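Read the structure below first, then the notes.
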Amino acid sequence: MADIRLAGLIGFPVGHSLSPRMQQAAFDALGIPARYVLWETPPAELAARVAALREPEILGANVTIPHKTAVLSLLDEVAEGARLVGAVNTILRVEAANGVRLVGHNTDVPGLRRALAEVSAGTPPAGPPSTGEREERARRRVLVLGAGGAARAALAVAHMEGAAVRVAARRLAAARALLDTGPASGADALNLADAARLAETLAETDVLVNATPAGMGDPDAAPFPLDLLARLPAYAVVVDLVYAPPETALVRAARARGLWACGGLPMLLYQGAEAFTLWTGQPAPVEAMRAAISEPR
Ligand code: NAP
């Protein structure tokens with residue numbers, strides 16, 4: 001019998017994660033003898049956990065809160081995209097001539113990019129845009145809510161798409177710091193609690209990305225009062241990175257307004273698919289993975 005290989009999730013806590021069922025479904029669909037496990041890792045144990053990834057049975061790992069930045073200094077190599085974002089969410093174990101190397105990647109960026117492309121494609125529920133509206137939407141003005149790791153990935157995507165970007169966070173200093181260290185240096189920062197300024201900014205936003213956890217585990221919570229959604233242009237796109245619940249109050253309200261909107265499951269799926277391909281060298285069985293995370297828990 002073939003040896004069982006291992007991949008897993010390094011984070012603290014990790015019990016809520018959908019990655020085990022998604023990645024295990026992918027291994028099983030392709031008949032790869034591998035198991036995906038949870039490696040709950042308090043910060044003091046991170047270095048030892050990463051060192052253990054050099055063992056021969058390991059394919060690689062995912063990395064989540066709170067280790068996405070701290071892990072960089074423990075790796076042999078960091079891919080350019082992950083360096084740009086300043087965060088690693090996937091580690092690949094590579095056998096090289098000079099020994100085993102651990103290489104850090106960031107698949108949140110291509111994952112979000114693919115999710116955004118998917119939700120932006122086609123005609124919005126409100127109907128086909130007029131020429132003027134089409135031109136307005138093509139300007140791709142992005143507003144990112146939050147100033148943490150997911151916001152950093154959203155900024156990288158906006159940068160790659162050549163979009164103008166603004167960041168709204170509950171701490172203005174955090175929004176400014178994020179913009180000063182990221183690729184969108186010099187862009188506008190605003191306080192999420194400043195309703196008047198937020199309303200003005202929403203009126204000039206084509207793509208709204210919620211990268212705060214507001215709404216996580218609470219179907220009625222939202223990052224700002226949802227009546228302000230009325231200020232978004234008619235053909236704006238709303239992406240909430242929160243995936244539990246799959247449809248947040250923000251997504252429901254955006255859809256009720258006739259906007260294209262999606263929750264965090266597509267990004268979760270596509271970042272996972274990219275990680276799977278890095279570990280196995282094979283195209284990910286995306287539909288098997290999608291089905292695994294779409295089933296009720
Ligand atoms: P993080 O690094 O902890 O950053 C969270 C950011 O949101 C911080 O700026 C924080 O502000 C702010 N925030 C926290 N609670 C808030 C609230 N109630 N109202 C307004 N702002 C709030 O977290 P992260 O890694 O960026 O993750 C953010 C969310 O994205 C989580 O829900 C996570 O599950 C989700 N996510 C999804 C995917 C996916 O694949 N779909 C991938 C990555 C992340 P303070 O600094 O002031 O606390």
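The model shown is predicted, which means the values in this text are computed figures rather than measured ones. Counting begins at 1 with the first residue of the sequence. Whatever order the structure lists them in is the order used to number ligands and atoms, beginning at 1.
Nearest residue to atom 37 (C) of ligand 1 from Leu18, Leu269, Leu241 is Leu241 (criterion: closest heavy atom). The residue among Ala150, Ala222, Pro266 with a heavy atom at the shortest distance from atom 27 (O) of ligand 1 is Ala150. Atom 9 (O) of ligand 1 has its nearest heavy-atom neighbour, among Ala147, Ala193, Gly111, in Ala147. Around atom 12 (C) of ligand 1, the closest heavy atom drawn from Ala115, Pro213, Gly272, Gly148 belongs to Pro213.
Partners of Asn106 by side chain to side chain donor-acceptor pair (under 3.5 Å), not counting sequence neighbours: none found.
The residue Leu145 has no part lying near ligand 1, judged by heavy-atom distances below 4.0 Å. No part of Ala221 comes within 4.0 Å of ligand 1, judged by heavy-atom distances. With a 4.0 Å heavy-atom cut-off, ligand 1 is reached by the side chain of Arg170 but not by its N, CA, C or O.
Put simply, atom 42 (C) of ligand 1 has protein non-hydrogen atoms near it, under 4.0 Å away.
Atoms of ligand 1 found under 4.0 Å from any heavy atom of Gly149, numbered from 1 in the order shown, are 2 (O), 26 (O). Taking a cut-off of under 4.0 Å to the non-hydrogen atoms of Ile65, the atoms of ligand 1 that pass are 23 (O), 25 (O). Within ligand 1, the atoms closer than 4.0 Å to a non-hydrogen atom of Leu192 are 20 (C), numbered from 1 in the order shown. For ligand 1, the atoms sitting less than 4.0 Å from at least one non-hydrogen atom of Met216 are 32 (O), 34 (O), numbered in the order shown with element in parentheses. The distance from ligand 1 to the heavy atoms of Tyr243 drops below 4.0 Å at these ligand atoms: 41 (N).
Look at Ala169 and you'll find every heavy atom at least 4.0 Å from all atoms of ligand 1.
More than 12 heavy atoms of other residues, nucleotides or ligands sit less than 6.0 Å from atom CZ of Arg252.
Inclusion of Gly146 in the set of residues having an N or O under 3.5 Å from an N or O of ligand 1 is not warranted. Of the N or O atoms in Ala151, none lie within a sub-3.5 Å distance of an N or O in ligand 1. Considering backbone and side-chain N/O of Gln271, none are found under 3.5 Å from N/O of ligand 1.
If you chain together hydrophobic residues whose side chains sit under 4.5 Å apart, Val63 and Leu59 never meet in one group.
Shown here for Gly215 and Thr248, the closest heavy-atom pair between the two residues is O-CG2, 4.3 Å.
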**OP:** Take Asp206 and Tyr235 through the side chain to side chain donor-acceptor pair (under 3.5 Å) test and state the conclusion after the steps.
**Re:** CA-CA 7 Å; Asp206 305 306; Tyr235 298 100; over 6 Å; no
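Salt-bridge annotation for Asp76 and Arg101: absent, with no side-chain N of the basic residue lying under 4.0 Å from a carboxylate O of the acidic one.
Distance alone, capped at 3.5 Å, places no donor-acceptor pair between the Asp240 side chain and the Gly263 backbone.
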